[in-house]
Undergrad: 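One structure is given below, represented as structure tokens, and several questions about it will come after.
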Amino acid sequence: MAFHGALHSLRSLSRAPRYPLSYLVHSPISSSLFSTLYAQSNSLHDEHRINNQTTLDESFVLDQLSNLLPISRSNSSTATLFEPSNSDKQIEIRAVDGFLLPDEKLRGVFLQKLRGTAAIEHALDNGGVDLSVDVVAQVVNKGGLGAEAMLVFFNWAIRKPTIAKDIETYHIILKALGRRKFFTHMMQILHHMRAQGISPNLETISIVMDSFVRAQHVSKAIQMFRNLEEIGLECDTESLNLLLQCLCQRSHVGAANSFLNSVKGKIQFNGNTYNIIIGGWSRHGRVSEIERILEAMVADGFSADSSTFSFILEGLGRAGRIDDAVEIFDSMKGKGCMPDTRVYNAMISNFISVRNFDECVRYYKGMSSNSCDPNIDTYTKLIAAFLKARKVADALEMFDEMLGRGLVPTTGTITSFIEPLCSYGPPYAAMMIYKKARKVGCRISLSAYKLLLMRLSRFGKCGMLLNIWEDMQECGYASDKEVYDYVINGLCNIGHLENAVLVMEESLQKGFCPSRLVYSKLNNKLLASNKVERAYKLFLKIKHARRYDNAQRFWRSKGWHF
């Protein structure tokens, strides 16, 4: 009854005389005007002097109510002459979610709490997203979708012609489900693969077992290995090594060692089987356990290779027995095993741990004299150690040698080099690494770009800052709130206030509200420069942007995404 009374009042209000919205908002007598409208609507209702020329207004009010409340408009007798067409509605919807990424649009479908799989799939079809394998991976890996939602989305996506129905696509959903500990649904997908004629391989089993081990479900991982025949695989040496590798990588070396002893004589071992266990103990510096496994390895007829020695040297270094490691390294040639790159890397790591950089460089130079080429891991260890010790010149020299050998570092490696350089001293060394990495074709991460922008803005290097900003956009990275804050701060530091205002207005147009510290800094500089009118206009824009930003935060805290 209360709802019908409110609807009746809204209908009577809709028949009142119309005034422009801008007049109602900006008029100083807007409050009295609303009270007049309310009184007039009541008087009209009491005198029953209502004509039939307000169909448009009533339709508008009912449409607004139907958007807010679960009211069906299909049986309404209101004329639909002025209702927007489907194409207009679609354009409006696209304008609202135009700023969202493809994966965000698809995940937003599940926020609507639609009932039934058919309704969800219909909404996904109407999302207007060009589906690809990368988009599928982003949908299931980001956000907070539940297990059922992930399965509904994946089952919808796998039927699309743009998504290959192969084992690599199934690995995406298996990793996502295992990472969130949805093990029941992960096993459903695993059995669904076989039903679809897709046979699991060793990588599939590695994903599943590693998911169990990561969640501390070691017994389930071992049981998975015992039941490999149910999914068409065998419990052989390769699958055993995969299980041991998963256990040792997650610091479950004791469980791996116990399981190895339990299957001894049932499954054939190889040298790699023992090396995995030795490598697991070496990470913890358990020299006694390493010696015990080494004795079992020799008793089983396998001789130690370069991998075995690298693990032994690493374990001795973690136990603080550097002298013993040097003695074993010197005795390798007498035992018929020539040191390779992994052995040298282990010795370099040992001396890095005790900050003996002279010995590190000596072993590095000894690699070339013994016809052993350094790899990317060698240079990464040395450069990271030099940067941590603030030996920037040595780090840059080593970086040049790495590039001279044709070794191109990964994106994450470049970021790890730039990060410490942006925490102390001027940004010149970081810029040198950035330029040389770009020159050899290395892709720079967004995090690295933000670090450079932050450091350059702090030192007032605005020309370099703008060049970095341009390079970042050319690489396909979109500017966000942090990026705009760094650029505005850098422009403020050198007194380019007009340019700073323009950049801030651009950020506001894109929906990014600057931080209060950056805005306060720019506002104070504008006032100090007697640009009061410019500061006031910017204040009005910031005020409007903060109002919208606060409203958006409130919406999202309630689970509403507009």
Side-chain angles (χ1 to χ4, degrees), residues 136-155 158 166-196 198-264 266-270 272-284 286 289 293:
V136 172
Q138 291 173 0
V139 171
V140 297
N141 289 328
K142 297 180 180 179
L145 292 182
E148 296 294 340
M150 292 172 67
L151 289 183
V152 170
F153 169 76
F154 182 78
N155 291 333
I158 201 67
D166 56 9
I167 194 168
E168 298 297 332
T169 306
Y170 277 94
H171 285 171
I172 294 174
I173 187 65
L174 285 174
K175 289 180 181 178
L177 291 171
R179 188 180 302 113
R180 289 176 172 82
K181 303 180 183 180
F182 299 141
F183 300 127
T184 302
H185 301 83
M186 181 180 67
M187 298 305 296
Q188 290 178 4
I189 290 291
L190 188 61
H191 292 293
H192 179 72
M193 288 174 56
R194 294 202 65 196
Q196 296 295 321
I198 301 175
S199 300
N201 56 17
L202 292 177
E203 183 181 358
T204 311
I205 302 308
S206 176
I207 293 171
V208 175
M209 291 192 298
D210 187 62
S211 300
F212 284 128
V213 177
R214 186 193 301 115
Q216 310 298 323
H217 294 178
V218 177
S219 60
K220 290 185 178 180
I222 295 176
Q223 188 63 33
M224 179 70 196
F225 171 78
R226 298 183 185 277
N227 298 335
L228 285 181
E229 295 181 358
E230 296 181 1
I231 57 176
L233 294 176
E234 297 180 357
C235 298
D236 54 5
T237 306
E238 292 184 356
S239 57
L240 173 63
N241 291 346
L242 277 178
L243 174 61
L244 298 178
Q245 189 72 37
C246 293
L247 292 171
C248 292
Q249 283 181 349
R250 303 293 177 181
S251 299
H252 293 284
V253 193
N257 200 351
S258 299
F259 184 73
L260 181 70
N261 295 332
S262 66
V263 297
K264 190 172 184 179
K266 302 176 183 178
I267 300 177
Q268 187 176 1
F269 298 164
N270 58 14
N272 191 31
T273 307
Y274 288 103
N275 283 339
I276 292 172
I277 302 298
I278 293 175
W281 287 122
S282 69
R283 294 188 186 94
H284 299 276
R286 301 285 295 274
E289 296 293 337
I293 297 298

Undergrad: Can you list everything that forms a side chain to side chain donor-acceptor pair (under 3.5 Å) with Arg283? Sequence neighbours excluded, please.
TA: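 Arg283 satisfies side chain to side chain donor-acceptor pair (under 3.5 Å) with no residue once adjacent residues are dropped.
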Undergrad: Please enumerate all residues that pass side chain to side chain donor-acceptor pair (under 3.5 Å) together with Asn272, with sequence neighbours excluded.
TA: none
Undergrad: Just checking, is any N or O donor in the side chain of Ser258 or Asn261 under 3.5 Å from an acceptor N or O on the other one?
TA: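 Absent: no donor and acceptor within the cut-off.
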Undergrad: Can you name the side chain to side chain donor-acceptor pair (under 3.5 Å) partners of Asn155, sequence neighbours left out?
TA: none
Undergrad: So for atom CD, which belongs to Gln268, do other residues, nucleotides or ligands contribute more than 12 heavy atoms lying within a distance under 6.0 Å?
TA: no
Undergrad: Any salt bridge (charged side-chain N to carboxylate O under 4.0 Å, His left out) pairs touching residues 216-245, not counting sequence neighbours?
TA: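 The answer is none; no pair qualifies.
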Undergrad: Can you spot which of Thr273, Asn275, Asn257, Val253 makes a side-chain contact (heavy atoms from CB on, under 4.5 Å) with Leu244?
TA: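 Going through the options one by one, the only one that passes is Thr273.
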Undergrad: Taking side-chain contact (heavy atoms from CB on, under 4.5 Å) as the definition, give me every residue that meets it alongside Ser206, ordered by chain and number, with sequence neighbours left out.
TA: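 If we apply the side-chain contact (heavy atoms from CB on, under 4.5 Å) test to Ser206, skipping adjacent residues, the hits are Leu242, Cys246.
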Undergrad: For the residue pair Met224 and Leu190, establish whether any side-chain heavy-atom pair is separated by less than 4.5 Å.
TA: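 When only atoms from C-beta onward are counted, Leu190 and Met224 do touch, with a gap below 4.5 Å.
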Undergrad: Who are the side chain to side chain donor-acceptor pair (under 3.5 Å) partners of Gln138, not counting sequence neighbours?
TA: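 Gln138: no side chain to side chain donor-acceptor pair (under 3.5 Å) contacts found.
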Undergrad: Using the test salt bridge (charged side-chain N to carboxylate O under 4.0 Å, His left out), find all partners of Arg180 that sit at least two apart in sequence or belong to another chain.
TA: none
Undergrad: Taking side chain as C-beta onward, heavy atoms only, is Phe154 less than 4.5 Å from Val140?
TA: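 Counting from C-beta outward, Phe154 and Val140 never come under 4.5 Å.
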Undergrad: Name all residues meeting the side-chain contact (heavy atoms from CB on, under 4.5 Å) criterion together with Arg250; count only those two or more places apart in sequence or in a different chain, and write none if there are none.
TA: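 Listed in chain order: Asp210, Val213, Arg214, His252.
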Undergrad: For residues 137-153, which residue pairs pass the salt bridge (charged side-chain N to carboxylate O under 4.0 Å, His left out) check, not counting sequence neighbours?
TA: none
Undergrad: Please report the closest heavy-atom contact between Tyr170 and Ile189, naming both atoms and the distance.
TA: CD2-CG2, 3.8 Å
Undergrad: Looking at residues at least two apart in the chain, or sitting in another chain, which of them share a side-chain contact (heavy atoms from CB on, under 4.5 Å) with Val152?
TA: Phe110, Thr117, Ile120
Undergrad: Who pairs with Asp166 by side-chain contact (heavy atoms from CB on, under 4.5 Å), at least two apart in sequence or on another chain?
TA: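 Residues passing side-chain contact (heavy atoms from CB on, under 4.5 Å) with Asp166: Ala164, Glu168, Thr169.
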Undergrad: Provide the full list of ring-ring contact (aromatic ring centres under 6.0 Å, His included) pairs with a residue in residues 201-223, sequence neighbours left out, each pair given once.
TA: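 Listed once each, the pairs are Phe183-Phe212, Phe183-His217.
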